[in-house]
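Basis for what follows: all heavy atoms, side chains included, without hydrogens, waters or symmetry-related copies. Residues take their numbers from the sequence shown, with the count starting at 1. Because the structure is a prediction, the values reported are computed rather than measured.
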Amino acid sequence: IIVTITFLIPYTLILLLAPWIQAKSHLKAFAWINKLKPFLDAYQAPFKDQYRYWPGVLLMVRVVLYLVFIINGGKDTSVNLLDINLILCFYAIVSNRLSVYKNWPLSVLENYFLINLIFLSCTLLYIKDSPTYSKILISSGGISLVVLLGIIVYHVYGQLKGNNFLKRHVSRKIKNDKPEPVAPPYVYVGLADESQTLTLNYGSCEFREPLLEYN
């Protein structure tokens with residue numbers, strides 16, 4: 001409870017009220033929010049401008065779930081699981097109704113993890129003692145891990161592509177592997193007068209002395 005009151009609730013309120021505080025950042029009392037702008041942008045970037053407070057809503061949901069466990073004290077597991085399912089279902093409905101994310105793949109990912117969590121809660125509530133429970137738990141965790149790794153690979157590839165890292169690396173390798181041009185030897189062409197020679201180099205003619213003398 002002390003940790004919740006000291007850290008979690010203020011942290012949640014900052015994320016929840018940040019858009020309105022940033023709008024008043026020209027006032028001296030709220031100027032401190034400008035120092036947190038890079039930190040807040042990392043949270044708010046996936047959401048539409050009118051829903052930049054949504055990270056605070058997500059933390060509020062977590063705080064409510066945490067308080068449910070504290071109040072119930074773990075005496076009745078079915079009550080905790082029922083509360084989790086009701087809260088998550090309500091959140092999923094509101095989130096999809098508002099369409100808070102800029103890109104639809106983010107909504108799909110969030111819905112997947114919410115459905116997965118609700119499914120595991122129902123499984124724990126009804127078939128906990130069944131032999132299939134462990135198989136379901138392992139399968140769900142494995143799929144979630146694969147999705148998480150896919151997200152990491154996607155972001156790493158996007159960063160490399162955006163920085164043209166691969167293109168620069170390939171072009172540098174080709175340049176290093178390309179053989180250096182070899183200068184052709186000088187070609188000396190003897191003329192009637194041994195003092196007059198014609199030197200050929202790189203396809204151009206260089207006359208050391210005039211070939212013809214005019215009287």
Side-chain angles (χ1 to χ4, degrees), residues 4 7-9 11-23 36-69 77-128 130 132-167:
T4 303
F7 299 102
L8 191 56
I9 292 179
Y11 183 68
T12 302
L13 291 177
I14 289 175
L15 291 178
L16 184 64
L17 302 177
W20 294 278
I21 298 176
Q22 286 176 318
L36 300 177
K37 189 177 186 305
F39 169 78
L40 295 173
D41 288 343
Y43 275 96
Q44 298 169 349
F47 302 96
K48 297 178 181 178
D49 291 340
Q50 63 269 33
Y51 301 116
R52 291 176 70 86
Y53 61 87
W54 203 254
V57 175
L58 289 171
L59 283 179
M60 283 186 62
V61 172
R62 289 166 173 79
V63 170
V64 171
L65 294 175
Y66 179 66
L67 293 176
V68 168
F69 278 99
T77 306
S78 60
V79 174
N80 290 336
L81 295 175
L82 180 61
D83 293 337
I84 290 175
N85 291 335
L86 290 176
I87 294 172
L88 292 179
C89 288
F90 177 76
Y91 169 81
I93 292 172
V94 174
S95 177
N96 285 280
R97 181 72 176 176
L98 296 177
S99 184
V100 296
Y101 290 98
K102 293 179 182 178
N103 301 320
W104 64 266
L106 297 177
S107 298
V108 173
L109 286 174
E110 185 182 55
N111 288 328
Y112 163 74
F113 285 110
L114 288 174
I115 293 172
N116 183 49
L117 184 57
I118 293 172
F119 175 73
L120 289 179
S121 299
C122 295
T123 303
L124 180 63
L125 182 62
Y126 293 106
I127 59 173
K128 181 180 179 180
S130 175
T132 59
Y133 173 72
S134 59
K135 297 179 181 179
I136 294 175
L137 186 62
I138 294 173
S139 301
S140 177
I143 295 174
S144 299
L145 181 61
V146 171
V147 173
L148 180 60
L149 293 176
I151 295 171
I152 295 174
V153 171
Y154 172 79
H155 284 288
V156 171
Y157 174 77
Q159 289 294 324
L160 295 178
K161 184 179 179 181
N163 295 331
N164 292 324
F165 174 80
L166 295 177
K167 186 183 295 184

Exercise. CG of Asn116 to CG of Leu88: how many Å apart, nearest 0.5 Å?
Worked result: 11.0 Å
Problem set entry | Shortest non-hydrogen contact from Lys48 toward Lys102 | N-CG, 3.8 Å
Exercise. How far does CG of Leu16 sit from CG of Leu59, to the nearest 0.5 angstrom?
Worked result: 9.5 Å
Exercise. OH of Tyr43 to CG of Leu58: how many Å apart, nearest 0.5 Å?
Worked result: 10.5 Å
Exercise. For the rings on Trp54 and Tyr101, is their centre-to-centre separation under 6.0 Å?
Worked result: no
Problem set entry | Non-neighbouring partners of Leu13 that pass side-chain contact (heavy atoms from CB on, under 4.5 Å), sequence neighbours left out | Ile9
For this session: Answer whether the closest heavy-atom distance between the side chains of Tyr91 and Met60 falls below 4.5 Å.
Result: no
Exercise. Partners of Asp41 by side-chain hydrogen bond (donor to acceptor under 3.5 Å, both in side chains), sequence neighbours excluded?
Worked result: Lys37, Arg52
Exercise. Should Glu110 and Leu114 count as side-chain neighbours, where that means a heavy-atom distance under 4.5 Å?
Worked result: yes
For this session: Taking the side chain as every heavy atom from C-beta outward, state whether Tyr11 and Leu15 have any atom pair closer than 4.5 Å.
Result: yes
Problem set entry | Interatomic spacing from CD1 in Ile14 to CG in Leu36 - rounded to 0.5 Å | 6.5 Å
Seminar exercise, completed: Taken to the nearest 0.5 Å, the spacing of Ile118 CD1 from Leu86 CG works out to 9.5 Å
Problem set entry | Pairwise side-chain contact, Val57 with Tyr51, heavy-atom cut-off 4.5 Å (strictly under) | no
For this session: State whether the number of non-hydrogen atoms from other residues, nucleotides or ligands found under 6.0 Å of Phe119 atom CZ is greater than 12.
Result: no
Exercise. If you measure from CG on Leu149 to OG on Ser144, what distance do you get to the nearest 0.5 Å?
Worked result: 11.0 Å
Problem set entry | Heavy-atom pair of closest approach, residues Gly56 and Thr12 | O-CG2, 3.5 Å
Problem set entry | Greater than 12 external heavy atoms within 6.0 Å of Tyr154's OH | no
For this session: Step through the shown structure and confirm whether more than 12 heavy atoms of other residues, nucleotides or ligands are within 6.0 Å of OH on Tyr112.
Result: yes
